[in-house]
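Notes follow the structure.
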Amino acid sequence: MIQVLHLKKMYGNKTAVDDLSFNVEKNQIYGFLGPNGAGKSTTMNIITGCLSATEGTVSIGGYDIFEEPFKAKSLIGYLPEQPPLYMDMTVKEYLSFVAEAKKIKRVSIPSAVDSVMKKTSLLNVQNRLIKNLSKGYKQRVGIAGAILGNPPVVILDEPTVGLDPKQIIEIRSLIRSLKENHTVILSSHILAEVNEVCDRILIISGGKLIADDTPENLTSKLANGSELNVSVRADISTVKSVMDDLQSTVSSKPLTVTFNSTDEISSFTIPFQDEDNTLKGHDIRDDIFNAFSKKNISILEMNLKKATLEQVFLELTSASGEEWEVITDESHF
Amino acid sequence: MKAIFKRELTSYFNNMTGYIFTAFTVFIIGIYVMYYCLKNGYPYFEYVVSNVEFFYLMTIPVLTMKVVAEDKKQRTDQLLYSLPLSMKQIVLGKFFAMAVVLFLPVIELLILPPILNIYGDIALGTAYSSIFAYYMLGLALTAIGLFISSLTDNQLAAASITFVIVLASYLMTGLSSYIPGDSFSSYISFAVIILLACIVIWFMTKSKAASLIIFGVAEACLLLFYAIKKTAFEGLIHKVISGISLFDKADNFFNGIFDLTGVVYFLSVIVLFIFLTIQSMEKRRWS
């Protein structure tokens, strides 16, 4: 649906987007991630025709955004980072203006405006001036403007910024419902949101594409961050001896065990690799359980913390030279 | 274009600008009609028009300052760019909206001559051609203001610069008589004008090389021309200044001449500045 090829954008001498290429398939939700200044908004502005590119091409549904801008733009609904609202208009007036500018037929404008207001729950503020609305409502007016006229491609730059939790849930479900007949690209700082909503994730950093995959694949491929947290009622030396036995009999790989002691409870963390520990026929969790139960030590808690998108994001973006630091306060033995 | 036009036009009446502009101009027209036509009994409606013209100095900057600058400030330009509209449609929509606002007080001017004609003998031809010139002058100044507004996102700056330019254009002919008319002074004046123009180009393009080349070539041509035909420079600066002065062109109409070259000149200025506005807005997408 969207094809971006060797896109490059220079601001003076600064390269904002550097040789970016990706494809966006139909009826999927794409999450666009990257640290601040990675070139997310620039890329979105270029795709929507708001900015020109220094090099490269963007085609929307087969139309080149630079060669046939009208046809390409009529396929897109765009919500920029700051919703582009005319403060002196009411919600209904504004949406009617956008509808007319999008060349929706005159007779169907009222129904089109009504239907987007219903979708974004704006009906009760439709006759209020936009400047008097709260940030969340303004954001929703922006989203309503973007999805007006059912464009096949909807591009949303940080759509849930400034919304309260209830509104965030509403907007997320709205975005999910768009999937049926729209292709959606959204950028967000909230990784949980991207993880929840998106079918595919594009991570860019320093203007370059560094990942293009499904959230599941990304987290499992880069699952170095998975950890097994175990709490047992025993002192440190007992735990050490049990774990030492475990290492010699069960796994050839030495396990780094980090360890905290409070009262009589010891807890430790084992780096947990899915392929190492479960796929080869046995699960290290069974071994740990058996080892401790043999010694009559009760396991109070055993919890597998899967790698989150945050970790994947940090890993990927720090690998490409960004300044990110993971802080741990655990001591190792 | 129609959507932009409608939105711009309503925006003038969603806040005070449109009302204040219309009320102020109508009030000024009233004062001059009372003074010239009612109190002193002059049958010359063009006196009214030529005096009202002066107030473009105040009204044009107010009318044009927000037209593009506010879009940039509020980031609504991103909406306009992402809609399936061409830059030409956007700029023309905005210009025509201003043209309509500008026309509202003109309606009063159009109604007055026949009414006054009941009580005396008004030269209707001169009256109406003056009103026509008044409106055309307004459109030309509006186009200039539109262009200035597209250069900045600061409305106050846009209004100030537009004011200075309209003022300069108003005073230009009068001030130019202080420049000596001999050929060497004309040459120096043109050289200074080229220098100023190149400084403006440098500021706008941020390209030292391009502005230096233009400066060099233009000064060389000027020098060459001066060396070949010195006599042609005699009084040339005065001719050029009165030739490009918009207010001078309108004066011909007020003196009872329907000056076709004036009409062409007004139209050229309008088209030129609309074109420049489109370019300046396109440039924003490229920077």
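Letters go in sequence order (proteins before strands), and every chain restarts at 1. Remember, it's a predicted structure, so these values are computed and weren't measured experimentally.
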Distance col, row Ser52(A):OG vs Arg284(B):CZ, nearest 0.5 angstrom, shows 12.0 Å
Interatomic distance, CZ@Arg75(B) vs SG@Cys50(A), rounded to 0.5 Å, equals 11.0 Å
When the 4.5 angstrom heavy-atom criterion is applied to Lys102(A) and chain B, the contacting part is both
So, the part of Ala72(A) with a heavy atom under 4.5 Å from chain B: the answer is neither
Any side-chain heavy atom of Arg7(B) within less than 4.5 Å of one from Met89(A)?
yes
**Request:** Would you mind reporting whether Lys103(A) and Leu85(B) have side-chain heavy atoms less than 4.5 Å apart?
**Result:** yes
OG (Ser82(B)) and CG (Leu51(A)) are apart, to the nearest 0.5 Å, by 11.5 Å
Check your understanding: Quick check: are there more than 12 heavy atoms from other residues, nucleotides or ligands sitting under 6.0 Å from CZ of Phe66(A)?
Key -> yes
Quiz item: Would the number of heavy atoms belonging to other residues, nucleotides or ligands and lying under 6.0 Å from CZ of Phe275(B) be above 12?
Solution: no
On a heavy-atom basis, the closest approach of Ala101(A) and Leu83(B) is CB-CD1, 3.5 Å
- Over 12 foreign heavy atoms within 6.0 Å of CZ, Phe27(B): no
### Message
Contact between Tyr86(A) and Asp71(B) at the side-chain level, heavy atoms closer than 4.5 Å - yes or no?
### Response
yes
Under the 3.5 angstrom rule, does the side chain of Asn14(B) hit a backbone N or O of Asp88(A) as a donor-acceptor pair? yes
Rounded to the nearest 0.5 Å, the OG1 atom of Thr48(A) sits from the CD atom of Gln78(B) at a distance of 7.5 Å
**Asked** Is the number of heavy atoms from other residues, nucleotides or ligands under 6.0 Å of Lys119(A) NZ greater than 12?
**Response** yes
One should read off an interatomic distance between Leu79(B) CG and Tyr94(A) OH, to the nearest 0.5 angstrom, of 4.5 Å
Honestly, the part of Ile4(B) sitting under 4.5 Å from a heavy atom of chain A is both
Quiz prompt | Side-chain (Lys73(A)) to main-chain (Tyr81(B)) donor-acceptor, under 3.5 angstrom | solution = yes
Q. Got more than 12 heavy atoms from elsewhere within 6.0 Å of CG, Leu156(B)?
A. no
Applying a strict 4.5 Å limit to non-hydrogen atoms, the region of Glu70(B) in contact with chain A is neither
One option among Phe97(A), Tyr78(A), Phe70(A) has the most heavy-atom pairs under 4.5 Å with chain B, and it is Phe97(A)
Interatomic distance, CD@Glu100(A) vs CE@Met1(B), rounded to 0.5 Å, equals 11.5 Å
